[in-house]
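Have a look at the structure below before the remarks.
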Amino acid sequence: MDAPRYNTREAEAKWQKKWDESGVFLARNEDPRPKYYVLEMFPYPSGRIHMGHVRNYAMGDVVARFMRAQGYNVLHPMGWDAFGLPAENAAVQNKTDPAAWTYANIAAMRAQLKSMGLSIDWSREIATCDPAYYKHQQKMFLDFLAAGLVDRKKSKVNWDPVDETVLANEQVIDGRGWRSGAPVEQRELTQWFLKISAFAEDLLDSLDRLDRWPEKVRLMQRNWIGKSEGLSIRFALAPGKLDAREIEIYTTRPDTLFGAKFLALAPDHPLAERAAERDPSLAAFIAECNLRGTSEAAIETAKKRGYDTGLRARHPFDSDWLLPVYVANFVLMEYGTGAIFGCPAHDQRDLEFANAYGLGNTPVICPPGIDPTTFKIADEAYEGDGTLINARFLDGLSVEAAKKEVVRRLEAARLDGRPQAKRQIHFRLRDWGISRQRYWGCPIPIIHCKKCGVVPVPETDLPVELPHDVSFDQPGNPLARHPTWKQVTCPTCGGPATRETDTMDTFVDSSWYFLRFTDPWNAAAPTTERAVTHWLPVDQYIGGIEHAILHLLYSRFFTRAMQQTGHADSLKEPFAGLFTQGMVVHETYRTADGGYVSPAEISIESGPEGRCAFIREGHRPVEIGPIEKMSKSKRNTVDPDEIIASYGADTARWFMLSDSPPERDVIWTEEGVQGAAKFVQRVWRLVGELALVAAPEGAPSPPRFSAPAREIRKAAHAALVRVEDDLRRLRFNRAIAQIYDLANKLSAAIGAIEAPSISPDLRFAFREAADIFVRLFAPMMPHLAEESWAQFGHAGLVAEAPWPVAEKSLIAEDTVNLPVQVNGRKRADLVIERNADTAAIERAALALDGVRRALDGKPVKKVVIVPQRIVNVVA
RNA sequence: GCGGGCGUGGCGGAACUGGUAGACGCGCCGGACUCAAAAUCCGGUUCCCUUCAAACGGAGUGUCGGUUCGACUCCGACCGCCCGCACCA
């Protein structure tokens with residue numbers, strides 16, 4: 001009697017093979033159907049997939065399968081972000097070749113991803129460490145160089161002492177390297193930069209049009225780009241020890257100019273350094289500032305400190321008004337002009353500084369409703385709006401008007417024959433330093449010649465390939481100490497020259513891989529214009545929020561640079577739709593001595609005191625700790641391989657998508673997985689039962705349907721409408737709830753069958769509902785869906801079956817159930833004809849027992865009727 | 001400090017643009033099947049009051065107030081948690 005269990009292992013292997021052989025997931029560039037490009041952020045080949053990957057790729061696969069069923073030509077590719085430091089670390093530890101290590105990892109992870117049953121076009125697979133890939137990247141670097149989008153300059157850079165390489169600003173998190181976690185040091189090095197700042201304005205403005213991006217990500221990018229509109233003003237210096245004539249400062253508050261008390265220079269401002277040459281104690285102060293600047297702890301606690309240079313600057317509106325010039329620890333050389341004027345009354349930092357050095361303050365902006373004669377500033381600067389006071393010709397103006405007036409006057413004023421001030425827009429965004437002093441990355445295709453300087457590698461010599469005979473027995477860059485690799489002849493003069501030994505930041509590799517997927521077979525060029533135009537932008541990109549700035553900003557820059565150099569003529573924005581999924585988190589377990597224990601080693605028991613955890617071996621109790629992101633250090637990871645082996649890929653996918661909204665963290669629990677596994681078996685039993693009661697495929701639609709048949713049809717079509725809507729909006733958890741609901745209703749309908757023979761209309765309804773049901777869960781549980789589809793006698797694959805079309809007329813009811821409230825509280829239900837007029841509804845509502853009881857004889861003041869929704873009786 | 005998000009049963013979460021709060025799942029409780037267990041199936045499950053049981057009733061979406069016929073949803077203040085940025089002139 002018992003239905004056979006669904007054998008996940010056999011079925012999943014079988015259908016994966018079928019998909020593979022039939023090539024259903026291969027996307028053709030010439031396909032005439034409308035295109036849809038869905039992409040998940042490609043993985044780093046660490047060696048094993050983790051649950052975060054499972055979640056990410058399960059989501060993308062649902063979208064891909066759903067859109068395919070919707071009739072789209074879907075591109076859903078996969079590749080490997082294959083360069084990077086872990087390969088070198090492995091090389092050091094295991095004496096392996098980074099390339100061999102990487103490719104072995106790729107093979108292992110490819111097999112794991114395939115076991116998930118993802119609908120990926122594997123014919124387009126790429127690895128960024130493949131010379132066939134990075135050759136094009138080198139070509140683009142040279143094109144960017146020719147187009148003026150590459151810079152080589154000496155600058156202060158973030159140096160990671162553990163990874164022994166430079167990091168971009170975006171890769172420094174809280175003063176530490178994003179990968180090593182080591183406190184970052186400042187070093188002065190000559191580096192290659194991509195001029196992302198050239199596109200700052202466009203990168204900022206275009207954010208407004210990315211309406212299918214999370215607002216949070218757009219905001220983070222907006223803040224990162226950090227546009228500020230202000231005025232740079234040149235202050236003349238009174239004659240003094242130095243022969244300097246002026247200081248240029250930057251301000252966004254020119255309206256407060258009459259509140260000025262001092263000027264301040266960054267410790268590394270050129271003028272400060274010159275002054276220090278004559279003043280040893282200033283030099284000492286600057287040295288101290290530089291020391292502090294590097295440690296993050298110092299920044300938080302740093303007091304405002306300064307040193308009077310002795311220089312005096314003339315106020316732009318009053319040449320007799322002299323302002324002291326300080327070097328101050330809170331002024332940054334990297335921002336604006338590295339110099340400010342201080343207005344203590346209206347800037348908190350300036351106030352703290354002025355109070356520390358007894359410089360006083362003069363309020364020049366009076367808040368609304370405050371008496372200007374008594375308005376005083378003590379410890380808190382007033383940074384709000386108001387009316388100008390103590391400000392000569394600006395008195396009485398608003399802040400806005402005062403700004404305009406100062407700008408107008410100073411732009412017209414001359415100092416040494418040039419305008420004294422000019423409006424300036426400043427961005428926080430710095431150029432992207434891409435030089436890395438590492439081996440396992442894309443070589444920068446440059447040759448250094450003593451005679452000719454920096455010479456690009458000729459295109460015909462590309463790719464500049466990494467050598468394989470390198471040693472990792474000492475720290476530093478193996479490329480730099482390779483005996484022969486860097487020795488070349490200069491392409492220009494033919495003399496002896498050396499290769500650039502820096503490689504590119506791996507974020508360059510990931511800045512254009514999504515373009516390469518559109519035609520990975522093009523050996524001659526990075527992209528094929530027709531393919532790019534056809535597929536891009538990516539319609540739905542899915543990945544972690546941790547790339548909100550790094551990868552997503554770099555890619556937006558890169559497509560612009562590619563557009564400018566003819567590699568993506570029609571493209572500006574790479575990702576039309578972005579979705580950032582939450583993390584996979586899990587309980588932690590610790591023994592009495594504080595050591596972490598992995599979930600695989602413990603069992604959970606529910607007792608009278610709630611849940612308790614024990615180590616299986618020896619039944620020793622462990623403490624259940626907080627729920628945290630899965631990580632090796634907390635030992636709270638769950639291995640996808642083990643889950644797939646014991647429960648199947650469909651179970652893992654279903655659970656990943658079911659419990660939490662996709663943008664939030666999902667808590668991985670053993671109970672949850674078991675629930676999903678139980679549902680897989682339940683569906684299989686239900687499918688068996690449906691197969692017995694359903695009409696054969698192609699059975700004609702009967703002319704009339706009985707009430708039970710209509711109920712079944714209604715349930716199926718209602719679920720269809722909802723699931724479709726939820727999947728379109730990536731609300732996987734809701735879609736799954738609808739599917740559970742439909743399964744419950746179908747089970748109940750089968751249980752309700754009484755007659756020994758089932759009427760044709762009921763059989764037809766079951767048939768229709770069964771076919772809809774399978775296609776609804778197919779995007780999430782594709783293997784079970786194929787097995788079910790075959791069970792129902794369909795010849796083709798459900799992966800190729802079109803999405804069913806909902807019949808809206810089946811969902812609409814003849815009668816509606818209107819809740820009736822009295823004074824906003826529900827007191828009764830009113831079942832009434834759908835088209836009943838308001839008078840009839842009111843009459844019927846007032847006649848209800850529950851309503852009469854609640855009214856208790858009180859007179860009715862008013863009856864609010866919202867058609868199809870609700871009735872509210874006000875008494 | 002600045003900016004943003006979030007607070008709903010024992011738990012994860014539903015509730016479309018203000019209209020029946022708690023869909024669906026997990027867990028738990030009870031029952032059926034079984035020698036027993038697992039699996040499966042059926043029923044119950046916000047809290048309080050009343051009750052053999054129910055009906056009826058009351059309270060309820062972090063707290064306090066407001067707008068509205070009606071508030072998880074809108075507005076104001078506060079409390080708590082999370083995230084991003086941070087001496088940015």
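Contact annotation: N223(A) does not reach the phosphate of rC2(B) (side-chain N/O to OP1 or OP2, under 4.0 Å). For rA39(B), neither phosphate oxygen OP1 nor OP2 lies less than 4.0 angstrom from any side-chain nitrogen or oxygen of R685(A). Applying the 4.0 Å criterion to OP1 and OP2 of rG13(B), one finds that R664(A) has a side-chain N or O inside that range. Put simply, R222(A) has no side-chain N or O that comes within less than 4.0 Å of OP1 or OP2 on rG3(B). Contact check, R349(A) against rC88(B): a side-chain N or O comes under 4.0 Å of OP1 or OP2. An OP1 or OP2 oxygen of rA86(B) is reached within less than 4.0 angstrom by a side-chain nitrogen or oxygen of R428(A).
Per the geometry, CD1 belonging to I225(A) stands 19 Å off P belonging to rG3(B), to the nearest Å. Protein atom CD1 of I627(A) is 14 Å distant from nucleotide atom C1' of rC81(B), rounded to whole Å. Here the P atom of nucleotide rC83(B) and the CZ atom of R218(A) are 23 Å apart, to the nearest Å. One interatomic measurement links the two molecules: CH2 of W654(A) to P of rC24(B), which rounds to 14 Å at whole-angstrom precision. Look at CD1 on I549(A): it is 10 Å from P on rG84(B), rounded to the nearest Å. Protein atom CD of Q424(A) is 13 Å distant from nucleotide atom C1' of rA89(B), rounded to whole Å. The distance from atom CZ of R682(A) to atom C1' of rG25(B) is 11 Å, rounded to the nearest whole Å. Atom NZ of K227(A) is separated from atom P of rA89(B) by 14 Å (rounded to the nearest Å).
Side-chain N or O atoms of T251(A) include none that pairs as donor or acceptor with a backbone N or O of L231(A) at under 3.5 Å.
Using a 4.0 Å cut-off between a side-chain N of Lys or Arg and a carboxylate O of Asp or Glu, R349(A) and E352(A) do not qualify as a salt bridge. Ion pairing between a basic and an acidic side chain is recognised when a charged N comes within 4.0 Å of a carboxylate O; R685(A) and E689(A) show no such pairing.
Residues K678(A) and R253(A) each lie close to RNA chain B; by heavy-atom proximity, the contact nearer the 5' end of the strand is made by K678(A). Nearer to the 5' terminus of RNA chain B, by closest-nucleotide assignment, is the contact made by S660(A) (compared with the other of S660(A) and R853(A)).
V638(A) and M51(A) get closest at one heavy-atom pair: O-CG, 3.5 Å.
Taking the side chain of N817(A) as heavy atoms from C-beta on, and the options rU20(B), rA89(B), rG4(B), the nearest nucleotide is rU20(B). Among the nucleotides rG13(B), rA89(B), rC24(B), the one closest to any side-chain atom of D741(A) is rC24(B). Listed candidates were rG19(B), rC85(B), rC24(B). Nearest to the side chain of N744(A) is rC24(B). Considering only the side chain of D659(A), rG12(B) comes nearest among rG12(B), rG19(B), rG13(B). Side-chain proximity of K216(A) to the nucleotides rA89(B), rC83(B), rU20(B) is greatest for rC83(B). The nucleotide whose nearest atom lies closest to any side-chain atom of P661(A) is, among rA14(B), rA89(B), rG60(B), rA14(B). Comparing rG57(B), rC88(B), rA14(B) by their nearest atom to the side chain of Y335(A) picks out rC88(B).
Residue D379(A) places its CG atom among 12 or fewer non-hydrogen atoms of other residues, nucleotides or ligands, all under 6.0 Å distant. Surrounding CD of E380(A) are at most 12 heavy atoms belonging to other residues, nucleotides or ligands under 6.0 Å away. In R423(A), the CZ atom is not crowded: 12 or fewer heavy atoms of neighbouring residues, nucleotides or ligands sit closer than 6.0 Å.
A syn orientation is assigned to rG9(B), its glycosidic angle lying within 90° of 0.
Rounded to the nearest Å, the gap between the C1' atom of rC26(B) and that of rC81(B) is 24 Å. Spacing between rU63(B) and rC79(B) at atom P, rounded to whole Å, works out to 15 Å. Comparing the P positions of rC64(B) and rA37(B) gives a spacing of 48 Å, expressed to the nearest Å. Straight-line distance between the P atoms of rG62(B) and rA38(B): roughly 39 Å, to the nearest whole Å.
Looking at I750(A) and L686(A), their side chains come closer than 4.5 Å, going by heavy atoms from C-beta outward.
Base contact: L332(A) has a heavy atom under 4.0 Å from a base atom. Here D350(A) lies out of heavy-atom contact (under 4.0 Å) with every strand. Contacts of Y740(A) with the nucleic acid, taken as non-hydrogen atoms under 4.0 Å apart, involve only primed sugar atoms and P, OP1 or OP2. Residue T251(A) is in sugar-phosphate contact alone, with no base atom involved, counting any heavy-atom pair closer than 4.0 Å across all strands shown. Residue contacts shown for R827(A) are limited to sugar-phosphate atoms, with no base heavy atom under 4.0 Å away.
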Annotated structure of RNA chain B as dot-bracket, pair cut-off 3.5 Å, Watson-Crick or G-U only, | for inter-strand, is (((((((..(((......[....)))((((((.......))))))(((........)))..(((((..]....))))))))))))....
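Ring orientation note: the planes of Y6(A) and W684(A) are tilted relative to one another, at an angle of 30° to 60°.
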Quick one, give me the B/S/- string for nucleotides 64-78 of chain B, reading 5' to 3', where B means a protein heavy atom under 4.0 Å from the base and S means that only happens at the primed atoms, P, OP1 or OP2. -----BS--------
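A centroid separation of 6.0 Å or more is found between the aromatic rings of F262(A) and Y357(A). A distance of 6.0 Å or more separates the ring centres of F655(A) and Y647(A).
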Would you sort out whether T588(A) and E628(A) count as a side chain to side chain donor-acceptor pair (under 3.5 Å), showing the intermediate values? CA-CA 7 Å; T588(A) 50; E628(A) 299 197 57; 4.5 Å; no
